[in-house]
Student: 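Mind looking over this structure? Questions follow.
Since the model is a prediction, treat every value here as computed from it, not as a measurement.
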Amino acid sequence: MQKIITESEIEQITLDILSDLGYEVIFGPDLSPHEVQGDIASDLHACLPLVHAQASPERSAYSEVILIDRLRRAIDTLNPDIPQETREEAIKLLLRNESPDLVVNNRRFHRMLVDGVDVEYRLPADKSAQVNDLSPHTPEAGMRGDKVWLMDFNEPKNNEFLAINQFTVIENNHNRRPDIVLFVNGIPLAVIELKNPVDENATIMTAFNQFETYKSQIPSLFNYNEVLIISDGFKAKAGTITSNREWFLPWKTIDGIEKASVGITEIEVLIRGMLQKNIFVDLIQHFVVFEQEQHSLLKKIAAYHQYHA
């Protein structure tokens with residue numbers, strides 16, 4: 001008799017693969033505020049043995065989608081020559097939304113992620129004259145333009161990769177809990193939504209529809225998103241926040257040379273082939289584009305054959 005696999009087992013298998021790739025796996029409620037109310041409290045009750053109370057939880061509110069302390073540590077490490085107050089200003093710029101349009105906000109973030117956050121700061125007096133002598137076009141004497149980097153694209157191992165399951169987000173009274181959110185340096189860059197393959201009413205396209213709901217109800221999580229992944233534990237496809245059903249595509253190779261064996265599930269191939277650290281970082285830096293088509297701004301990411309070509 002064939003074993004029936006549950007959605008929670010699919011989630012655990014996915015987390016195990018991510019762990020094998022070097023992602024730190026964290027149970028979402030372990031990072032969350034101590035005060036839980038309503039359906040959050042009742043939902044977590046069954047998980048109480050897994051919840052470890054912290055003196056100071058990483059998230060002060062369920063509306064927070066960026067892990068600020070982790071982001072700050074990464075920025076401090078990657079930008080040691082930038083003044084501390086300027087690094088803090090870069091974080092404020094990152095958290096600020098300048099449009100009611102999710103895709104516009106996402107494009108702004110993507111540019112900051114890939115190109116660095118543009119900052120300006122006043123140099124100490126002993127360095128000011130030297131810089132002004134070398135840079136006659138400095139807009140103000142003693143001021144310097146620079147970049148604050150959010151990721152290390154040259155050495156992916158210098159970034160912190162997390163896989164967090166059951167990451168609750170509450171926004172505008174909507175309480176949603178994506179299955180798995182992938183963070184790099186505290187920023188939620190990918191979301192994985194899983195469905196049960198034996199449930200006739202929960203197909204891979206149900207996961208796609210779930211993302212449509214998430215984008216409308218908890219858009220703050222998707223301001224920073226680079227990849228969306230849908231799977232039923234066997235089939236798996238990836239797209240972006242603007243991809244329609246047809247443009248969610250499988251990733252068919254792990255090593256980039258040959259197509260994966262039919263004996264390996266699509267979700268394992270996609271995770272091992274697309275989300276291994278060096279490829280994930282490279283995809284974000286070089287293989288994501290925004291294009292204006294008619295009246296829509298579309299975000300596109302390379303398919304596996306385009307990437308490996």
Side-chain angles (χ1 to χ4, degrees), residues 14-15 18-34 50-97 105-106 108-117 119 147-171 177-192 218 220-227 229 275-278 280-281 283-285:
T14 303
L15 292 170
L18 288 164
S19 177
D20 191 46
L21 293 179
Y23 287 72
E24 180 185 356
V25 175
I26 299 177
F27 182 46
D30 286 353
L31 306 180
S32 299
H34 293 328
L50 300 175
V51 177
H52 308 291
Q54 302 180 54
S56 179
E58 290 198 39
R59 301 174 70 199
S60 62
Y62 284 104
S63 58
E64 294 180 359
V65 298
I66 286 183
L67 304 177
I68 295 294
D69 289 343
R70 294 175 187 266
L71 173 63
R72 182 174 287 112
R73 287 197 296 270
I75 287 177
D76 289 348
T77 299
L78 297 176
N79 306 273
D81 296 329
I82 303 290
Q84 182 63 45
E85 60 271 18
T86 306
R87 293 181 228 158
E88 289 297 323
E89 182 61 30
I91 293 176
K92 292 177 182 177
L93 288 171
L94 181 67
L95 297 176
R96 185 182 305 155
N97 292 325
N105 287 330
N106 188 274
R108 174 178 176 269
F109 161 71
H110 180 78
R111 287 174 175 169
M112 287 192 288
L113 181 65
V114 172
D115 299 331
V117 182
V119 294
K147 299 276 191 180
V148 168
W149 295 98
L150 307 176
M151 285 179 62
D152 189 334
F153 289 101
N154 296 321
E155 292 291 343
K157 65 182 181 181
N158 290 339
N159 303 297
E160 180 189 50
F161 292 78
L162 304 180
I164 302 180
N165 62 322
Q166 304 303 312
F167 186 80
T168 297
V169 179
I170 299 179
E171 186 172 353
R177 193 179 305 155
D179 290 321
I180 300 173
V181 182
L182 304 184
F183 291 77
V184 180
N185 296 341
I187 307 173
L189 298 186
V191 183
I192 303 173
I218 52 170
S220 60
L221 180 63
F222 298 91
N223 285 329
Y224 309 98
N225 181 267
E226 297 291 346
V227 181
I229 296 167
L275 297 181
Q276 55 180 287
K277 295 178 181 181
N278 61 317
F280 188 30
V281 167
L283 271 171
I284 291 170
Q285 184 180 25

Student: If you compare all heavy atoms of Arg59 against all heavy atoms of Glu64, which two are closest, and at what distance to 0.1 Å?
Tutor: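 That closest heavy-atom pairing would be NH2-O, 2.8 Å.
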Student: Could you check whether any side-chain heavy atom of Ile66 comes within less than 4.5 Å of a side-chain heavy atom of Pro188, counting everything from C-beta outward?
Tutor: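 With C-beta onward as the side chain, the pair touches.
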Student: Counting C-beta onward and ignoring hydrogens, is there a side-chain heavy-atom pair between Asp76 and Gln84 closer than 4.5 Å?
Tutor: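 Counting from C-beta outward, Asp76 and Gln84 do come under 4.5 Å.
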Student: If I take atom CD1 from residue Ile187 and atom CG from residue Leu182, how far apart are they, to the nearest 0.5 angstrom?
Tutor: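 One finds 13.5 Å between CD1 of Ile187 and CG of Leu182.
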Student: Quick one: side chains of residues 156-163, donor-acceptor pairs under 3.5 Å with protein atoms, not counting sequence neighbours, listed by atom name and distance.
Tutor:
| from | atom 1 | to | atom 2 | distance (Å) |
| --- | --- | --- | --- | --- |
| Asn158 | ND2 | Asp152 | OD2 | 2.9 |
| Asn159 | OD1 | Asp152 | N | 2.8 |
| Asn159 | OD1 | Asn185 | ND2 | 3.0 |
| Asn159 | ND2 | Asp152 | O | 2.8 |
| Asn159 | ND2 | Pro156 | O | 3.2 |
| Glu160 | OE2 | Arg70 | NH1 | 2.6 |

Student: For the residue pair His110 and Ile284, what are the closest heavy atoms and their distance?
Tutor: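 Distance-wise, the nearest heavy atoms are CE1-O, 3.2 Å.
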Student: Mind listing the closest non-hydrogen atom pair of Trp149 and Gly116 along with its distance?
Tutor: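 Distance-wise, the nearest heavy atoms are CZ3-N, 3.4 Å.
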Student: Work out which heavy atom in Leu189 is nearest to a heavy atom in Tyr224; give both atom names and the distance.
Tutor: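 Between these two residues, the closest heavy atoms are CD2-O, 3.4 Å.
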Student: Take Leu94 and Val117, measure what side chain to side chain contact (heavy atoms under 4.5 Å, CB included) needs, and give me the verdict at the end.
Tutor: CA-CA 8 Å; Leu94 181 67; Val117 182; 5.6 Å; no
Student: Hey, what do you get for CD1 (Ile218) to CZ (Arg177), rounding to the nearest 0.5 Å?
Tutor: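 Result: 11.0 Å between the selected atoms.
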Student: To the closest 0.5 Å, what do you measure between CG (Asp30) and CD (Gln166)?
Tutor: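 Interatomic distance, Asp30 CG to Gln166 CD, rounded to 0.5 Å: 12.0 Å.
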Student: Side chains of Asn165 and Phe27: closer than 4.5 Å at any heavy-atom pair?
Tutor: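 The answer is yes; the side chains approach within 4.5 Å.
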Student: Taking the side chain as every heavy atom from C-beta outward, state whether Ile82 and Ile75 have any pair of such atoms under 4.5 Å apart.
Tutor: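 SC-SC contact between Ile82 and Ile75 ruled out.
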Student: Could you tell me if the side chain of Ile229 sits less than 4.5 Å from the side chain of Leu275, heavy atoms only?
Tutor: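 A side-chain contact under 4.5 Å exists here.
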Student: Below 4.0 angstrom, N of the basic side chain to O of the carboxylate: do Arg72 and Asp69 qualify?
Tutor: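 Counted as a salt bridge, because a side-chain N and a carboxylate O are separated by less than 4.0 Å.
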Student: Could you tell me which non-hydrogen atom of Phe109 sits nearest to which non-hydrogen atom of Leu150, and how far apart they are?
Tutor: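 So the minimum-distance heavy-atom pair works out to CE1-CD1, 4.4 Å.
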Student: Is there a side chain to side chain contact (heavy atoms under 4.5 Å, CB included) between Glu171 and Val65? Walk through the geometry before answering.
Tutor: CA-CA 10 Å; Glu171 186 172 353; Val65 298; 5.8 Å; no
Student: For the CD1 atom of Ile164 and the CG atom of Leu31, what is their distance to the nearest 0.5 Å?
Tutor: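 Here the rounded value is 4.5 Å.
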Student: Starting from the C-alpha separation in whole Å, work towards a yes-or-no answer on side chain to side chain contact (heavy atoms under 4.5 Å, CB included) for Tyr23 and Val184.
Tutor: CA-CA 9 Å; Tyr23 287 72; Val184 180; 5.7 Å; no
Student: Using 0.5 Å steps for rounding, measure from the CZ atom of Phe183 to the CG atom of Leu71.
Tutor: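 CG of Leu71 is found 11.5 Å from CZ of Phe183.
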Student: Going through the checks in order, is the side chain to side chain contact (heavy atoms under 4.5 Å, CB included) test met by Thr86 and Asn79?
Tutor: CA-CA 10 Å; Thr86 306; Asn79 306 273; over 6 Å; no
Student: Does the side chain of Arg108 reach to within under 4.5 Å of the side chain of Met112, using non-hydrogen atoms?
Tutor: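 Yes, close enough: below the 4.5 Å cut-off.
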Student: Is the backbone of Arg73 close enough, under 3.5 Å, to the side chain of Thr77 for a donor and an acceptor to pair up by distance?
Tutor: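 Yes: the side chain of Thr77 pairs with the backbone of Arg73.
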Student: Using the test salt bridge (charged side-chain N to carboxylate O under 4.0 Å, His left out), find all partners of Asp115 that sit at least two apart in sequence or belong to another chain.
Tutor: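 Listed in chain order: nothing, the list is empty.
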Student: Could you tell me whether the side chain of Leu113 reaches within less than 4.5 Å of the side chain of Met151, counting heavy atoms only?
Tutor: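 Yes - at least one pair of side-chain heavy atoms lies under 4.5 Å apart.
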Student: For Val191, which of Ile180, Leu221, Asp179 qualifies under side-chain contact (heavy atoms from CB on, under 4.5 Å)?
Tutor: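 Result for side-chain contact (heavy atoms from CB on, under 4.5 Å) with Val191: Leu221.
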Student: Which atoms form the tightest heavy-atom contact between Pro57 and Ser32, and what is the distance?
Tutor: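 So the minimum-distance heavy-atom pair works out to CB-O, 3.2 Å.
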